[in-house]
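Taking it in order: structure first as structure tokens, then the write-up.
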There are 4 protein chains.
Amino acid sequence: MIGVGVYGATGYTGRELVGLLMGHPEVEVRFLTSESAAGKSLRSSWPLAPDITLIPAADAPLDEVDAVFLCLPHTRSAPLAAQALAAGVRVVDLSADLRLDDPAVYEQWYSVPHPAPELLPIPYGLPELGREKLVGAACIANPGCYATTALLGLAPLVRSKLLIPGAPIIVDAKSGVSGAGRTPKLHILFCEVHGDFSPYAIGRAHRHLPEIEQVLAEEGLEPGRLIFSPHLLPTDRGILATIYVQVTDVSTVRGAFEAIYGDEPLVSLLPEGELATLGHVVRTPYAALSLTPVDDTTLIVVSALDNLLKGAASQAVQNFNLMWGLPETSGLVGPHPQSVGQGVSAS
Amino acid sequence: MIGVGVYGATGYTGRELVGLLMGHPEVEVRFLTSESAAGKSLRSSWPLAPDITLIPAADAPLDEVDAVFLCLPHTRSAPLAAQALAAGVRVVDLSADLRLDDPAVYEQWYSVPHPAPELLPIPYGLPELGREKLVGAACIANPGCYATTALLGLAPLVRSKLLIPGAPIIVDAKSGVSGAGRTPKLHILFCEVHGDFSPYAIGRAHRHLPEIEQVLAEEGLEPGRLIFSPHLLPTDRGILATIYVQVTDVSTVRGAFEAIYGDEPLVSLLPEGELATLGHVVRTPYAALSLTPVDDTTLIVVSALDNLLKGAASQAVQNFNLMWGLPETSGLVGPHPQSVGQGVSAS
Amino acid sequence: MIGVGVYGATGYTGRELVGLLMGHPEVEVRFLTSESAAGKSLRSSWPLAPDITLIPAADAPLDEVDAVFLCLPHTRSAPLAAQALAAGVRVVDLSADLRLDDPAVYEQWYSVPHPAPELLPIPYGLPELGREKLVGAACIANPGCYATTALLGLAPLVRSKLLIPGAPIIVDAKSGVSGAGRTPKLHILFCEVHGDFSPYAIGRAHRHLPEIEQVLAEEGLEPGRLIFSPHLLPTDRGILATIYVQVTDVSTVRGAFEAIYGDEPLVSLLPEGELATLGHVVRTPYAALSLTPVDDTTLIVVSALDNLLKGAASQAVQNFNLMWGLPETSGLVGPHPQSVGQGVSAS
Amino acid sequence: MIGVGVYGATGYTGRELVGLLMGHPEVEVRFLTSESAAGKSLRSSWPLAPDITLIPAADAPLDEVDAVFLCLPHTRSAPLAAQALAAGVRVVDLSADLRLDDPAVYEQWYSVPHPAPELLPIPYGLPELGREKLVGAACIANPGCYATTALLGLAPLVRSKLLIPGAPIIVDAKSGVSGAGRTPKLHILFCEVHGDFSPYAIGRAHRHLPEIEQVLAEEGLEPGRLIFSPHLLPTDRGILATIYVQVTDVSTVRGAFEAIYGDEPLVSLLPEGELATLGHVVRTPYAALSLTPVDDTTLIVVSALDNLLKGAASQAVQNFNLMWGLPETSGLVGPHPQSVGQGVSAS
């Protein structure tokens with residue numbers, strides 16, 4: 001058994017991650033941290049959760065674990081990653097701290113100096129776009145939820161050089177409210193969200209933009225072409241991005257996606273005529289992708305996933321599995337090959 | 001007092017329209033029709049509604065009214081419009097039947113021959129884009145909800161010749177469920193919509209596309225460039241469209257919008273930095289528009305309105321007012337100039 | 001015109017109240033206060049609201065108004081009521097401060113000494129249960145939302161001495177989230193409420209219990225019999241209470257309710273067989289009541305209203321109208337007698 | 001492996017049940033039936049579901065299975081149960097057909113003659129109230145969702161003779177919309193439910209009442225005392241009942257519940273001061289119970305469960321496990337003892 005600790009267990013992502021790790025056949029959870037609920041049981045945060053006492057991060061016994069998951073706000077995460085790595089403990093970091101290779105870009109977007117630039121670069125943990133650098137890694141930067149959604153939809157096009165140079169790439173993304181975290185703020189109160197739907201940070205203003213562009217640059221895309229417009233949905237979880245691109249030949253697009261995702265266990269490329277929806281993916285570790293050709297050169301890709309799972313916690317477990325050489329879907333997909341899909345909600 | 005009748009009073013649009021007409025200072029409602037609830041009180045459809053007995057359309061006393069509103073499915077509406085006009089009764093048609101000038105285009109998109117081609121063309125009732133043809137009209141085609149949303153956001157750019165020729169025009173639209181009507185169907189059940197978010201008829205497949213293109217063609221846009229992607233939101237009412245365009249000079253855009261909407265009482269052009277949301281417009285007769293320049297040539301327009309009001313019933317009243325030479329906002333905006341906005345929910 | 005000021009204009013109740021007052025034919029709003037948003041426009045709190053600059057309470061020009069509405073937390077309200085009354089300004093207090101006649105009871109339930117005991121008792125503003133003491137009053141204590149819901153359902157039974165002595169009186173109440181206010185707290189975040197439903201302070205623990213018992217004691221009920229169990233509904237507004245009582249003769253119950261509410265413009269006693277729902281009342285100034293006899297002595301009363309309107313803001317306007325000798329529904333019901341019910345959402 | 005078939009796989013309960021059975025270590029699903037979707041894949045009903053072709057019930061190969069689950073409407077279920085039993089196939093019936101021992105009571109409440117009275121009585125499958133009759137049973141009647149909720153809260157009081165004779169027993173129950181099934185009907189449309197909350201069939205009018213009373217009569221309760229009031233919640237799943245009873249000695253109540261549920265793996269008796277909520281149980285196979293003493297003799301029991309799981313599908317699996325002598329929670333609770341609670345949403 002691999003002993004693990006989770007920092008930040010009382011947020012929405014922490015909750016999902018603890019649930020997944022508790023059910024993981026190769027994992028033993030050794031500690032959970034929380035600053036706001038330190039000393040209390042995890043049950044004080046989540047009804048019927050396992051009765052485990054939360055400890056402050058400063059008290060975490062790093063010598064008792066093999067790996068840690070960091071579900072912490074940016075700037076608080078990187079120093080703990082450095083500390084764990086120094087102690088010989090592997091790290092999956094779910095914050096934004098280790099995703100951007102260049103600390104200057106980090107400072108530009110997060111308005112603070114990078115808290116641990118000596119760690120950079122860290123392998124970016126989106127397994128379907130390249131898992132070789134993740135196998136056996138000591139530290140993995142778990143991607144952002146919007147970034148995963150956009151990248152799964154765009155990377156096959158960039159890699160296959162199908163995008164018409166210079167044409168705009170438009171990602172119109174919609175997210176459930178859990179993406180905004182669990183710290184009480186006015187704009188995420190029930191009465192503010194119920195019945196509303198609102199864009200925010202549209203254009204080239206959201207912090208996931210440089211993360212998406214960095215990965216696509218590695219795949220060969222020139223920077224500056226991406227338009228990324230997030231919106232807040234009146235639901236709790238799930239992200240769906242409707243992506244508009246101009247391609248050189250729309251007839252070759254499906255092949256490009258099949259080449260990359262054809263054998264992927266956690267990415268479902270939907271058959272022609274079926275559009276991806278949140279209903280495909282919410283409360284599952286899967287991403288769903290659909291391709292809609294509009295005319296010879298115009299393509300709409302719809303990419304959907306659960307922001308707390310494939311957009312955070314289950315992708316972190318995927319990365320953890322790669323890190324330790326375990327089967328990549330261990331702890332994510334049931335032992336029986338049929339047991340996939342949203343119906344399996346209580347097993 | 002102008003005597004009116006409403007055909008189709010038990011749908012979501014009919015409900016709103018009856019409410020507005022009951023409060024209209026110049027209107028007397030003389031009959032309401034419903035096939036499914038004929039013989040019952042309006043109260044059987046809507047709690048605490050006025051206690052008015054619904055009659056079948058065939059029994060409607062056209063000789064007792066000056067005007068009728070048709071809130072009926074397409075194909076059922078046009079024949080009644082013809083009948084009313086023949087009887088000297090004016091018509092505001094909220095169905096799709098009279099919106100497209102060319103019956104061949106209607107047949108192409110609705111898969112049936114046009115039910116009353118001799119009536120076409122009918123003035124298209126989007127007052128902010130041209131009210132001269134509506135003043136005193138005998139019949140007005142009330143626009144579709146998606147069409148109104150898209151047209152308010154796009155027409156100023158087309159009219160001002162600000163769009164870069166050939167570049168795609170992308171309208172990513174999201175609608176509350178009431179847009180799908182009140183006839184029980186699986187995909188609009190509560191349990192299907194709750195927690196979901198789904199695209200449908202994306203690209204160039206939705207029936208409001210030819211309606212939008214017809215109006216924009218009159219403004220000078222070549223056909224075939226529009227990409228229109230509707231999505232179903234897990235809320236009851238409201239439409240928000242995020243519109244992506246390439247313009248020749250992003251700095252002149254605000255002026256073009258101000259020139260058209262600066263004095264409009266029911267269209268609110270939001271100040272820079274404020275994005276339009278459903279919260280601006282739901283349960284009001286207003287549309288809200290925001291302009292977000294991304295770079296020198298890329299613009300994002302967000303257009304929002306209530307699909308049942310500015311997208312249907314309150315726009316119908318606007319058109320009715322123009323038809324009869326009444327103040328255009330009569331029955332829509334309170335007598336006191338301050339009494340605008342969503343706060344006025346019970347007066 | 002009567003000049004008024006509203007303290008606490010940026011909360012949910014304040015928003016509704018400002019909307020109603022802006023549309024009131026006899027009222028001129030002279031100032032709005034907010035501590036958190038002082039110096040900003042009301043538009044910064046509510047989209048498309050009137051553009052009125054908010055001022056801190058300390059700067060409110062009491063000499064420019066005839067009356068004030070206090071939409072403030074308890075303990076902050078009573079001192080301002082005292083100040084206004086001393087300045088000759090009439091007061092409708094929507095907080096809990098002036099509802100309980102006995103300051104000792106206040107201290108017991110609110111855990112602080114009463115902030116202005118010299119003001120007590122103040123007339124309790126539930127017009128349907130006795131409006132004579134409200135006509136011309138200088139100060140009125142506006143009832144709590146749960147209290148209004150329970151009292152409308154119970155008072156006719158107590159007044160008619162129909163309750164079997166000693167039998168328990170059970171009020172199982174369910175409220176939308178806006179009843180919990182607009183200050184960010186964990187339990188009212190969207191993701192906490194969406195998909196949940198939860199009881200709280202059940203039995204004899206909620207602060208509205210002594211308020212309900214005080215009023216019913218005046219009607220003749222011995223204290224201590226009421227069981228009151230609130231629950232939080234996953235919706236924004238509305239309260240529905242299902243009330244279970246034992247009566248001496250279930251056949252006389254309807255007469256007792258008709259005697260009290262038969263001529264009331266804002267309380268709708270539903271016909272036999274129709275149950276009150278939130279759909280009857282949300283976004284209206286009406287309460288709806290239904291009576292369901294179960295057997296000879298068991299009765300279920302369902303009482304429903306909008307917690308922000310008949311449970312707060314519209315009842316405050318009712319009280320204001322009584323205070324100034326205006327028609328009681330002025331500013332609440334349209335000029336046209338038919339224009340009632342939920343359909344009138346935008347007029 | 002035990003071969004099973006599921007009749008009615010495309011309803012909400014069928015979906016959950018298929019999901020659970022697919023993940024059950026001792027089960028092999030051999031066929032799924034659907035009349036409306038016969039010939040199509042299960043994927044046509046549920047996104048990303050296993051790709052299994054649905055067959056009409058008439059084509060079901062009973063000779064290939066050891067047991068069947070019936071997720072069918074009442075009257076359609078019992079004849080298929082009889083057919084399966086005659087073929088030597090065991091049956092878990094999730095319909096109402098086999099729950100009532102007396103066909104006359106069935107006819108009284110369902111307004112049709114019982115479709116297979118020769119089968120009655122059938123063991124009632126609420127394991128926590130008596131599993132001995134279920135072990136090895138050939139046929140089990142799976143309880144109703146409301147009935148399970150009410151019975152878990154009331155049975156310990158009846159069995160311990162703690163209820164004061166003659167005092168009313170009030171069950172105020174609230175259910176998510178999935179309890180109303182998946183057949184399109186007006187009252188379960190999204191726009192009808194969103195923002196509403198409504199009582200229905202309150203008092204002694206709901207079909208689960210005789211089922212509850214039958215079980216409680218076996219425990220010693222005289223019939224006729226139960227008041228049962230269901231309400232429709234604006235959420236998709238979960239039932240919460242707030243139960244008001246008069247007991248002889250409130251101090252002994254907790255002991256009575258602990259005696260029955262202390263060792264139950266799927267019923268959680270919450271500690272004092274914690275109230276049961278939907279958040280405790282939705283998407284889990286658990287019921288949660290809380291006890292709130294109000295005074296010496298008044299008790300409030302809150303009982304909550306997921307109507308589709310402990311109220312239907314997971315309870316059916318529990319019963320199936322007992323039927324076959326398997327561990328009762330097989331297929332319901334993860335292999336790792338910590339892996340309980342709502343957090344485990346994707347494993």
Side-chain angles (χ1 to χ4, degrees), chain C residues 167-176 187 192-205 224-246 275-283 290 292-295 297-302 304 342, chain D residues 167-176 187 192-205 224-246 275-283 290 292-295 297-302 304 342:
Chain C
I169 299 166
I170 291 165
V171 178
D172 191 279
K174 303 88 174 175
S175 172
H187 78 288
E192 305 293 310
V193 174
H194 184 75
D196 198 5
F197 174 70
S198 52
Y200 63 100
I202 63 175
R204 290 184 54 81
R225 285 174 54 192
L226 196 70
I227 308 292
F228 170 60
S229 295
H231 301 70
L232 193 66
L233 280 172
T235 192
D236 54 352
R237 48 200 292 170
I239 288 184
L240 185 144
T242 314
I243 303 174
Y244 302 86
V245 288
Q246 299 295 314
L275 292 171
T277 70
L278 286 197
H280 282 83
V281 294
V282 166
R283 296 179 201 279
S290 65
T292 303
V294 180
D295 56 35
T297 58
T298 307
L299 173 73
I300 307 177
V301 182
V302 182
Q342 197 183 33
Chain D
I169 298 167
I170 291 164
V171 178
D172 191 279
K174 303 88 175 174
S175 174
H187 78 288
E192 304 294 310
V193 175
H194 184 75
D196 198 3
F197 174 71
S198 52
Y200 63 100
I202 62 176
R204 291 183 55 81
R225 285 174 53 192
L226 196 69
I227 308 292
F228 171 60
S229 296
H231 300 71
L232 194 65
L233 280 172
T235 192
D236 54 352
R237 49 200 292 172
I239 288 184
L240 185 144
T242 313
I243 303 174
Y244 302 85
V245 289
Q246 299 295 314
L275 291 171
T277 71
L278 286 196
H280 283 85
V281 295
V282 166
R283 296 179 199 279
S290 65
T292 303
V294 180
D295 56 34
T297 59
T298 306
L299 173 73
I300 306 176
V301 183
V302 182
Q342 199 183 31

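Protein chains get the first letters and strands the later ones, always in sequence-line order, with residue 1 at the start of each. Hydrogens, waters and symmetry mates are skipped; everything else that's a heavy atom, side chains included, is used.
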Nearest 0.5 Å, what's the [atom1]-[atom2] distance between [X] and [Y]?
X       : Y       : atom1 : atom2 : answer
L278(D) : S198(C) : CG    : OG    : 8.0 Å
T235(C) : H194(D) : OG1   : NE2   : 6.5 Å
L233(C) : D196(D) : CG    : CG    : 10.0 Å

For Y244(C) and I227(D), work out which heavy atoms get closest and say how close.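 That would be CE2-CG2, 3.8 Å.
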Distance-minimising heavy-atom pair for I300(D) and S229(C):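 Where I300(D) meets S229(C) most closely, the heavy atoms are CD1-OG, 3.6 Å.
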Of the listed residues (P168(C), G176(C), P199(C), G203(C)), which shares the most heavy-atom pairs with chain D below a 4.5 Å separation?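 Top option by heavy-atom pairs under 4.5 Å: P199(C).
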Audit row: L240(C), H231(D), side-chain contact (heavy atoms from CB on, under 4.5 Å) steps and yes/no: CA-CA 10 Å; L240(C) 185 144; H231(D) 300 71; 4.2 Å; yes
Find the one option among D236(D), D295(D), T292(D), L232(D) whose heavy-atom pairs under 4.5 Å with chain C are most numerous.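 If we count pairs closer than 4.5 Å to chain C, T292(D) comes out on top.
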Please state whether the side chain, the backbone, both or neither of [X] comes within less than 4.5 Å of a heavy atom of chain D.
X       : result
E192(C) : neither
T298(C) : side chain
A276(C) : backbone
P293(C) : neither
L299(C) : neither

Give me the ring orientation class for F197(D) and F197(C): parallel if the planes are under 30° apart, tilted from 30 to 60°, perpendicular past 60°.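 Parallel, since the angle between the ring planes stays under 30°.
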Counting only N and O atoms by type, is there a donor-acceptor contact under 3.5 Å from the side chain of D172(D) to the main-chain atoms of D172(C)?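 No; zero donor-acceptor contacts below 3.5 Å.
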V302(D) side chain reached by I202(C) side chain, heavy atoms, under 4.5 Å: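 Yes, side chains in contact.
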